[in-house]
Structures are given as C-alpha cells and as structure tokens.
Protein chains: 2
Amino acid sequence: MTKTVQDNRQPVTRVRPGRNEEGRLEILTAATTSFMQLGYARASIDEIADRLGATKGRVYHYYRSKADILMDIHRHVLDMMYAEVEPLADAENAADALRDMAYRHVMIVMKNLAFTRVALLSTTDLFMNEKQSDFVGEIGKVRRAYEDLFVTVLERGMRQGEFRETRARLLAKPLLGSLNWTTMWYVDRDGTTPETRAEIAEIVVDYVVGGVRK
Amino acid sequence: MTKTVQDNRQPVTRVRPGRNEEGRLEILTAATTSFMQLGYARASIDEIADRLGATKGRVYHYYRSKADILMDIHRHVLDMMYAEVEPLADAENAADALRDMAYRHVMIVMKNLAFTRVALLSTTDLFMNEKQSDFVGEIGKVRRAYEDLFVTVLERGMRQGEFRETRARLLAKPLLGSLNWTTMWYVDRDGTTPETRAEIAEIVVDYVVGGVRK
DNA sequence: CCGCGACGATACCGCTAGGTATGTCGCACG
DNA sequence: CGTGCGACATACCTAGCGGTATCGTCGCGG
C-alpha cells in the first residue's frame with residue numbers, strides 16, 4: 001500500500017530514465033555512505049566515484065546532479081518508513097499501535113543508519129535548493145503524512161482514555177524527536193548484535209509510550 | 001559556577017586575542033543567522049559580511065577561519081545551556097529537578113533558536129574537521145558533562161523509586177532527543193508570544209517526565 | 001554483421017568561496 | 001608628535017568541485 005507515496009514522483013524526472021535499477025542503487029548507497037561520513041557539502045562526486053572504484057561518469061550516468069542524489073535518498077527513506085509503519089497503525093488498542101510503530105521506527109533507523117542519518121541531517125541542504133522546490137514540497141507532504149500517522153493514533157488514544165489529553169500534533173513533535181534522535185547517537189559497532197538493538201529499541205519505546213499515557 | 005566549562009578553552013587560541021568582545025559577538029550572531037538560513041556549507045564569509053554591511057576583512061579580523069566561528073557557536077551554546085541548567089539539578093525531588101531542567105532547556109532552545117539549531121545541525125560539519133580535532137574532543141567532553149547532568153538525576157530518581165528502573169544513560173538519549181528536537185520544528189513566527197512558548201514547553205516537559213516515571 | 005543504446009572513462013571548463021597580503025584610518029600613549 | 005596597534009577595507013590568489021562534452025566499448029536484437 002505504498003502506492004500513494006511512491007507514485008507521485010512522476011511529474012519530475014528525478015532519476016534518469018531507462019537506467020539499470022541495481023546500478024542506480026549502488027550509486028545511491030555509496031553516496032549515502034559518503035554523505036554520512038563527510039556531510040553532504042564536503043562529500044564530492046569524485047569521492048563517491050572513488051568509493052566504487054569508478055569515475056564521475058558513472059555517477060552522472062544515473063543522476064543528473066548531486067542534489068538529485070540527495071533527494072532520492074530522502075525519497076528512499078520516507079518510502080521505507082511509511083511502508084513499514086503505516087500498517088501498524090490499525091491495532092485495536094491505541095497504546096499497542098503506538099508501541100509497534102515506535103519500535104519499528106527505531107529499528108529501521110538503526111538498521112539503515114547511514115540513510116536515516118543523512119535524511120535527517122541534510123534536511124537543510126535540501127530545502128535550500130531553490131530550483132526544484134516542487135520536489136521539496138512533495139517531500140514536505142510525505143513528511144506531514146507520516147507525522148499524521150502518529151497524530152491519529154494519539155488522538156485515538158486520547159478518546160479511548162489511555163492517553164493524556166493535550167494537543168496531539170504538538171505532542172507528536174517531541175515523540176518523533178525521541179525516535180529520530182537515535183540517528184544522532186547510535187553507532188554501528190562491530191559488536192552490536194541484534195540483541196542490543198532490541199534492547200535499545202525497547203528502552204526508547206517504553207519511554208515514548210510512558211510519555212503519552214495518563 | 002560556569003568556570004569549569006568556560007576556562008578550558010585556553011590551550012588553543014580559538015579566537016584571535018586582544019579583540020573587542022562586543023565586536024566579536026556581532027560577527028558571531030550574524031554568522032549564526034547565516035548558518036541557520038543557508039546551512040554551514042552554503043553560507044559564505046562574504047554573505048556574513050554583507051549582513052553586517054561590511055567585508056571579509058572584518059570577519060577575518062576576529063576569527064581565523066570559518067570553522068573557528070562554528071566552534072565558537074558550539075561553545076557559546078554549550079556554555080549557556082550548562083550555566084542555566086546545572087543549578088537546577090539539585091532540587092530535593094528528582095522529578096521536580098528533571099522537570100525544571102527540561103523546561104529550562106526547551107526555553108533556551110526557543111529563545112535562541114538560531115544558535116541552538118546551528119549547534120545541532122552542524123555537528124557533522126564540525127566533527128569532520130580533521131585539523132583542530134583537539135577542540136572537537138573538548139566539545140565532546142562538555143557535551144558528555146551536560147548529558148551527565150540528566151543521567152545523574154535519572155539515577156537519583158530511580159533510587160528514590162520515582163522513576164522506572166533502566167539504563168539511565170541509555171534513557172537519557174531519547175530524553176534529550178525530545179528536548180533537542182524542538183530546534184527542528186519550532187518556528188519563530190511574529191505572533192509567537194511567550195505564552196505559547198510556555199505552553200509548548202509544558203507539553204514537552206509533561207511528555208518527558210511521564211516517559212521516565214513509573 | 002551491423003548499429004544502436006546502455007555503460008562508463010577522460011578531459012576540460014568555470015565559478016565559487018576560503019584564505020592571505022597589504023594598505024588605511026584613527027586613537028591611545030609615551 | 002610620531003608610533004604602534006586595533007579595526008577594518010581592498011585586491012588578489014588558488015584549489016576544489018559541480019557539471020558537460022566527447023569518445024571508447026560491449027552486448028543484443030534484427
């Protein structure tokens with residue numbers, strides 16, 4: 001059911017058409033790694049190409065510009081998030097729904113650390129790109145839609161009497177903050193086994209759910 | 001009692017010595033505004049100078065490099081935070097202490113939006129500056145010390161039986177996340193009166209305290 | 001066997017922006 | 001009264017980097 005999110009990238013040819021999809025993904029991941037390690041500005045196209053043992057030509061064969069790569073990263077992350085979290089919002093109990101959503105969200109962040117970190121930290125660099133501001137609006141819509149997922153669950157929980165009564169939209173801000181902040185401190189050590197990830201996720205989730213309950 | 005934080009910038013001459021302090025602050029604020037609006041990378045020194053109706057010469061008269069300005073912003077924000085929040089950690093009741101600290105933290109963020117936002121978003125750009133990595137370590141220490149403020153209060157609350165028992169340091173991460181995330185969504189509208197700020201702060205604080213309590 | 005298009009390399013351009021070198025003006029101070 | 005220094009302005013240098021134009025090459029369908 002990710003249709004609504006994925007299909008509205010048609011008007012603008014974000015990606016060069018007729019290209020190999022796997023090849024494009026290679027560029028995308030390499031670029032993401034570079035952006036994470038050096039930041040969007042400091043990471044050069046040549047550096048991305050070097051990481052693949054190639055040259056600029058290969059990169060520009062798949063993407064029209066550096067900014068386009070960044071946009072594609074954003075689209076990638078948002079699609080992933082929405083597709084995995086949206087189905088969990090329907091659980092009978094609002095508290096359970098929120099718990100599942102938060103858990104999944106944090107897990108995605110940890111498993112795709114490079115992507116999510118870049119998507120969050122480079123928001124500024126993206127939104128300052130005057131040209132193609134139509135895409136920025138597009139991204140903004142999806143962000144809003146994702147936030148609405150949590151707002152809706154919060155409102156439901158308030159009506160059901162499980163959650164404290166306040167402005168749901170305002171409450172959603174620090175809530176998403178505690179989830180997204182994971183990108184800022186979580187490190188992908190070698191010794192980090194899935195167990196500790198689950199452990200981290202549960203601590204965060206307990207905090208989140210406790211923060212909205214009565 | 002901000003001595004411990006402020007005094008350890010002596011070893012490295014971060015700022016050019018013997019300069020007028022107010023003049024330096026003008027540069028600092030102008031740069032902060034530019035960094036916030038355009039991002040650290042896109043904001044040029046010329047643009048900062050233009051904002052002051054001056055030229056590069058004036059900027060480089062006070063700071064040796066662009067990165068130094070960014071470092072000074074970080075120091076400025078961290079000093080401000082630490083100085084205002086640290087005294088609140090001593091309240092008898094751990095829950096009250098945490099409440100006060102969180103409230104103050106969010107308030108500082110809102111009142112100094114440009115500074116705090118830059119300090120958070122440009123963390124990457126800072127830590128990637130290979131040279132002067134000694135200062136980065138310095139910043140890291142202060143960050144850690146600030147985090148310890150909250151960790152200590154959390155541990156105290158757990159011993160007193162008010163807070164849920166978990167890894168205090170891990171719990172502090174999403175906690176600070178919900179506070180710091182304010183920089184990402186709060187906007188300084190004209191109509192934003194102090195009342196709505198207080199309103200926002202209370203919603204966030206309720207969420208935070210609720211998240212750690214039993 | 002041919003040509004066409006995906007794939008990629010090479011060479012090159014142009015501009016932006018950080019940094020420096022140098023000059024100028026005014027004021028405090030001996 | 002000159003002289004040193006803070007507080008800037010001006011002019012200039014230069015490296016890095018995004019983007020383009022062009023040319024090889026390999027595989028595949030007709």
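First the proteins, then the strands, lettered A, B, ... as listed; each starts at 1.
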Q: Are any of B/Tyr62's side-chain N or O atoms less than 4.0 Å away from OP1 or OP2 of D/dC8?
A: yes
Q: Quick one: do B/Tyr207 and A/Tyr207 satisfy ring-ring contact (aromatic ring centres under 6.0 Å, His included)? Show the steps, please.
A: CA-CA 9 Å; B/Tyr207 170 74; A/Tyr207 170 75; 5.6 Å; yes
Q: Take the protein atom CD of B/Glu47 and the nucleotide atom P of C/dC15, then report the distance between them rounded to whole Å.
A: 21 Å
Q: Atom CD1 of A/Ile69 to atom P of D/dG18: distance rounded to whole Å?
A: 9 Å
Q: Between D/dA7 and B/Tyr60, is there an OP1 or OP2 to side-chain N/O distance shorter than 4.0 Å?
A: no
Q: So, A/Glu147 and A/Arg143, do they make that salt bridge, N to O below 4.0 Å?
A: no
Q: Find out whether the Lys NZ or Arg CZ of B/Lys66 is both under 6.0 angstrom from the six-membered ring centre of B/Tyr40 and within 45° of the ring's axis.
A: yes
Q: Within residues 28-40 of chain A, find the residues that approach DNA chain D with a heavy atom at under 4.0 Å, and present them sorted by residue number.
A: none
Q: Quickly work out the B/Ile48 CD1 to C/dA17 P distance and round it to whole Å.
A: 12 Å
Q: Could you check how far CG of B/Asp46 sits from C1' of D/dT10, rounded to whole Å?
A: 12 Å
Q: Using a strict threshold of under 4.0 Å (side-chain N to carboxylate O), is an ion pair present between B/Lys141 and B/Glu138?
A: no
Q: Classify the nucleic acid contact of A/Ala49 as base, sugar-phosphate or nothing, counting any heavy atom under 4.0 Å across all strands shown.
A: nothing
Q: Please list, chain by chain and in numerical order, all residues satisfying ring pair (Phe, Tyr, Trp, His ring centres under 6.0 Å) with A/His61, sequence neighbours excluded.
A: none
Q: Let me know which of B/Val204, B/Val205, B/Val109 forms a side chain to side chain contact (heavy atoms under 4.5 Å, CB included) with B/Leu179.
A: B/Val204
Q: Tell me every residue that passes side chain to side chain contact (heavy atoms under 4.5 Å, CB included) with B/Ala198, counting only those two or more places apart in sequence or in another chain.
A: B/Tyr103, B/Met107
Q: For A/Tyr146, which residues count as a ring pair (Phe, Tyr, Trp, His ring centres under 6.0 Å) partner, sequence neighbours excluded?
A: A/His105, A/Phe150
Q: Does anything in residues 50-58 of chain B come within less than 4.0 Å of DNA chain D? Heavy atoms only, and list the residues if so.
A: B/Ala54, B/Thr55, B/Gly57, B/Arg58
Q: Among D/dC17, C/dC7, C/dG18, which nucleotide sits nearest the side chain of B/Lys66?
A: C/dG18
Q: Check every atom of C/dG18, C/dG8, D/dG18 against the side chain of A/His61 and return the nucleotide holding the closest atom.
A: C/dG8
Q: What is the separation between atom CG on A/Asn20 and atom C1' on D/dC26, rounded to the nearest whole Å?
A: 15 Å
Q: Rounded to the Å, how far apart are A/Arg24 CZ and C/dC7 C1'?
A: 16 Å
Q: Would you kindly give the CG-to-P distance between B/Leu70 and C/dG18, to the nearest whole Å?
A: 12 Å
Q: Looking only at the side chain of B/Ile45 (C-beta and beyond, no hydrogens), which of the listed nucleotides D/dA7, C/dG18, D/dC17 gets closest?
A: C/dG18
Q: Enumerate the salt bridge (charged side-chain N to carboxylate O under 4.0 Å, His left out) contacts for residues 112-126 of chain A, please, sequence neighbours excluded, ordered by first and then second residue.
A: none
